[in-house]
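So the structure is just underneath, and the comments pick up after that.
All values below come from the heavy atoms of this structure, side chains included, with hydrogens, waters and symmetry mates left out. Remember, it's a predicted structure, so these values are computed and weren't measured experimentally. Just so we're on the same page: letters track the sequence lines, and every chain starts at 1.
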Amino acid sequence: MPELPENEAQRLTLERTCLNRTVEAAELGDNITHIDLPGDNELGRLKGRQFTETRRHGKNIFLGSKTGPWITVHLGMSGWLIPYDLPESEPDHTKFRIVFEGDRRLAFRCPRKLGHVKVIEDPDAYIAAKKLGPDALSIERNTFVDFLGGSKAAIKSALMDQNRIAGIGNLWSDEILFQTGLDPARKGSDLKADRLDTVFDAMLTTLSKGVVVEADYSRLPDDWLIPNRKSKSDCPRAGCEGKLTHRKVGGRTAYYCPAHQS
DNA sequence: GTGATTGTTAGTAA
DNA sequence: ATTACTAACAATCA
């Protein structure tokens, strides 16, 4: 579930539940093969610390303090951070947990094991080392338009290029293109400047709305794609008579409406 | 059984 | 050097 809006919702969850509490232990869950988690050394460093701030860049979440160290979490395809209080029980597929003083716990549930948790010194250095582009909600219009206008890849793939724009994945790229009326396979380099501007505007309004509703799709407008993202259903856009369909674009399944996206 | 999945990355090719 | 594309990763579900 994790693209920019989902990760921002998760960051808010951490902000609300995990700050200013002493870490009693950081532990690995069961069945941790094939997943990138902190070793004994890093786990030991977290003990006794308190987290005082959260950050997010693209699909990366950070939890830490001025003096470090920080924890960074990537949710992969199926990861989720779940705070709970004893005697509530821990979720299935917990790969990593933080035990705070008292009853509060934070579980990293990751059934498909494509996510990771790392202990790092500094979020900015980590973002630079990963060569992530600017966050999609902070990128300058000119930077965005220059990149997209020069891209010969499918526009859907370009929007999902984390090294150029951080935070957009398969679902939200579909939504942005649905709003913009563009076929997901169009090339950015074929678009005029005013069209590129509308993509930028749609990206901001779409992702911002996703953040406002904390990625709860039932609270998105009824005429958006994501709450209706099924093939053969009627296009939800007002006045559009088309039917939604899907096809592979850039190796991912793109949902779109051929009637108003071209 | 087949094929799909809201992500990243190593390898390959142009 | 840069950009674009594919397969692979792992587990689960339709």
Could you give all pairs that pass the side-chain hydrogen bond (donor to acceptor under 3.5 Å, both in side chains) test and reach residues 95-105 of chain A, with sequence neighbours left out? A:E27-A:R97, A:D85-A:R104, A:E90-A:R97
For atom NE2 of A:H116 and atom C1' of B:dG7, their distance in whole Å: 11 Å
Across the strands shown, which category fits A:K187 at heavy-atom distances under 4.0 angstrom: base, sugar-phosphate, nothing? nothing
Nearest-angstrom distance from the residue atom CG of A:D161 to C1' of B:dG7: 13 Å
Going 5' to 3' along DNA chain C, between which two nucleotides do contacts with chain A fall, using a heavy-atom cut-off of 4.0 Å? C:dT3 to C:dT12
Grab the stems for DNA chain C, please: at least three consecutive Watson-Crick or wobble pairs, both distances below 3.5 Å, written as range with range. B:2-5 with C:11-14, B:7-14 with C:2-9
For A:F147, is there any backbone N or O sitting under 3.5 Å from a side-chain donor or acceptor partner on A:S151? no
How would you label the contact of A:K130 with the nucleic acid (heavy atoms, under 4.0 Å): base, sugar-phosphate, or nothing? sugar-phosphate
Nearest heavy-atom neighbours spanning A:M203 and A:A136: CE-O, 3.3 Å
A:T67 side chain to A:R49 side chain, donor-acceptor N/O pair below 3.5 angstrom: yes
Above 12 or not: heavy atoms from other molecules or residues under 6.0 Å from CG of A:D30? no
Would you say a side-chain N or O of A:R252 is under 4.0 Å from OP1 or OP2 of B:dG7? yes
Ignoring hydrogens and geometry, is there a side-chain-to-backbone donor-acceptor pair from A:E42 to A:G39 under 3.5 Å? yes
Starting at atom NE2 of A:H246, determine the distance to atom P of B:dA4, rounded to an integer number of angstrom. 9 Å
Nearest-Å distance for atom pair CD1/C1', residues A:I127 and B:dT8: 17 Å
Do the side chain of A:E15 and the main chain of A:R11 share a donor and acceptor less than 3.5 angstrom apart? no
Counting only heavy atoms not in A:D222, do more than 12 sit closer than 6.0 Å to its CG atom? no
